[in-house]
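Take a look at the structure below.
Only this structure's heavy atoms are used, side chains among them; waters, hydrogens and symmetry mates stay out.
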Amino acid sequence: MPIPEYFVLPGGDRMPRIGFGTWQASDEVLEKAVESALEAGYRHFDSARAYENEAALGRALQRWIGDEPTKRKQLFIVTKLPPGGNRPESVEKYFNASLQDLGLDYLDLYLMHTPFAFEDVPGDLHPKNPDGSMKVDLTTDLIGVWKTLQKLKESGRVRHLGVSNVNEEQLRRLCAVAKPACLQVEVHLLCQQRSLIATANDLDVPVVAYSPLGSKALADALAAKTGREYPDLLQLPAVIKIAQTHKRTPAQVLLRHLLQSGVAAIPKSTNPTRIKENISVWDFVLSDGEMNELNALDRGENGRICDFSFFVGIEKHPEFPFKNKHS
């Protein structure tokens with residue numbers, strides 16, 4: 001059976017299963033990349049206040065919409081509440097700032113970016129103490145934040161709400177009082193998150209994979225800092241072999257593996273050719289044997305790249321979602 005190209009969300013809205021990620025791209029580079037993505041057919045675009053590039057994404061989108069406002073309905077735009085806004089009284093301020101920078105009247109999906117929180121320091125999305133550790137707010141109330149997010153939805157300024165970077169317990173806790181329209185987490189070949197995805201499926205929450213190709217830029221930066229090795233997913237022998245079999249790129253194999261696993265993906269690239277290749281994953285199928293071979297490469301928690309270790313001291317937060325995999 002063919003894989004649907006969209007998740008159908010409550011109310012009938014459609015979220016494309018291949019979107020475009022925007023983390024770690026400068027404004028000028030991002031604008032050009034978004035233009036290439038729009039030309040290639042992407043309509044799902046993912047951003048975040050913490051990325052500090054919403055204005056660049058907004059400029060590219062506004063040029064595409066131009067004087068045809070009906071084109072806005074073709075887009076599915078996502079951004080996120082930053083950790084510094086993870087308290088009920090801060091939500092409105094950060095949401096309005098995102099909406100203004102994006103140049104939009106509403107968002108299709110607004111996510112709670114992390115379950116942990118920073119102090120709300122004006123003009124500083126990543127506030128630090130003099131010793132370099134994060135200024136952590138230990139009083140985070142996830143349910144209180146969610147109830148405030150629901151008021152945004154009731155106002156019509158956001159169509160759907162979701163969560164990101166939560167663990168199974170946190171997801172179940174939220175789902176006891178609400179129905180997130182999406183769970184966005186790190187998922188790729190070495191970090192397949194099977195238990196979390198199974199829980200999300202049980203709760204009828206669609207899963208979107210960030211860093212689906214392994215986030216090499218982040219991996220390289222962390223490797224330089226920690227000395228830990230992070231394999232390049234695009235160079236794994238099994239991936240290369242399967243790509244050659246199907247006459248596809250390794251990235252296309254990684255993305256197709258996610259789609260056949262029931263997960264959406266938001267790959268990021270700034271290369272026009274690769275941008276086009278990454279959305280061209282609907283006309284080939286991995287065999288059961290190939291899927292099993294790729295599934296066997298899962299390293300579980302030890303495959304995680306974005307463990308937030310770059311936020312010094314964040315593991316002390318009571319809502320820190322990950323186990324310490326290096327202890």
Using a strict threshold of under 4.0 Å (side-chain N to carboxylate O), is an ion pair present between Glu5 and Arg43?
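So Arg43 does not pair with Glu5 through a salt bridge.
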Charged N to carboxylate O under 4.0 angstrom, Lys32 versus Glu35?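 The answer is no: the pair does not qualify as a salt bridge.
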Cation over ring face, Arg157 and Phe95, 6.0 Å, 45°: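 So Arg157 doesn't make the cation-pi contact.
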Determine, stepwise, if the pair Lys128 / Val312 fulfils side chain to side chain contact (heavy atoms under 4.5 Å, CB included).
CA-CA 9 Å; Lys128 296 180 180 178; Val312 178; over 6 Å; no
Can a donor-acceptor pair be found between the side chains of [X] and [Y] at a distance below 3.5 Å?
X      : Y      : value
Asp120 : Tyr94  : yes
His113 : Asn86  : no
Arg256 : Gln260 : yes
Ser269 : Asn271 : no
Glu290 : His246 : yes

Output yes when a side-chain donor or acceptor of [X] lies under 3.5 Å from a complementary backbone atom of [Y], and no otherwise.
X      : Y      : value
Asp298 : Gln192 : yes
Glu186 : Cys306 : yes
Glu31  : Glu28  : no
Glu39  : Pro272 : no

Is there a side-chain contact between [X] and [Y], using heavy atoms and a 4.5 Å cut-off?
X      : Y      : value
Arg228 : Leu222 : no
Ser261 : Met291 : yes
Val91  : Leu149 : yes
Val136 : Lys316 : no
Ile279 : Ile275 : no
His257 : Asn295 : yes
Glu168 : Ser195 : yes
Arg87  : Thr139 : no

Looking at every non-hydrogen atom in both residues, tell me the closest pair between [X] and [Y] and how far apart they are.
X      : Y      : value
Arg248 : Ser280 : NH1-O, 3.3 Å
Pro321 : Phe116 : CD-CD2, 4.0 Å
Asn53  : Ala48  : OD1-O, 4.4 Å
Gly12  : Val8   : CA-CG1, 4.0 Å
Gln62  : Leu102 : NE2-O, 3.5 Å
Ala265 : Leu255 : CB-CD2, 3.8 Å

Count the heavy atoms belonging to other residues, nucleotides or ligands that lie under 6.0 Å from [atom1] of [X], then report whether that count exceeds 12.
X      : atom1 : value
Asn292 : CG    : yes
Asp283 : CG    : yes
Arg14  : CZ    : no

Any idea how Phe311 and Phe308 line up, ring-wise: parallel (<30°), tilted (30 to 60°), or perpendicular (>60°)?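 Parallel, since the angle between the ring planes stays under 30°.
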| Relative to the ring of Phe76, is the ring of His44 parallel (under 30°), tilted (30 to 60°) or perpendicular (over 60°)? |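 His44 and Phe76: perpendicular rings.
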Please say which of Asp307, Ile314, Thr114 ends up in a side-chain contact (heavy atoms from CB on, under 4.5 Å) with Phe320.
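When side-chain contact (heavy atoms from CB on, under 4.5 Å) is applied between Phe320 and each of Asp307, Ile314, Thr114, only Ile314 qualifies.
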Sequence neighbours excluded, every pair satisfying salt bridge (Lys or Arg N to Asp or Glu O under 4.0 Å) that has a member inside residues 64-84 |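 Output for this query lists Asp46-Lys80, Arg72-Asp108.
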| task | Determine whether Val29 and Leu38 fall in the same hydrophobic cluster, where Ile, Leu, Val, Met, Phe, Trp and Tyr are linked whenever their side-chain heavy atoms lie under 4.5 Å apart. | result |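 No, Val29 does not connect to Leu38 through the hydrophobic network.
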When the side chains of residues 208-219 are checked against the rest of the protein, which donor-acceptor pairs come out under 3.5 Å, sequence neighbours left out?
unit_1: Tyr210; atom_1: OH; unit_2: Asn165; atom_2: OD1; d: 2.5
unit_1: Lys216; atom_1: NZ; unit_2: Asp220; atom_2: OD1; d: 3.4
unit_1: Lys216; atom_1: NZ; unit_2: Asp220; atom_2: OD2; d: 2.8

Run the side chain to side chain contact (heavy atoms under 4.5 Å, CB included) check on Leu138 and His317 step by step: do they pass?
CA-CA 6 Å; Leu138 301 176; His317 194 285; 4.2 Å; yes
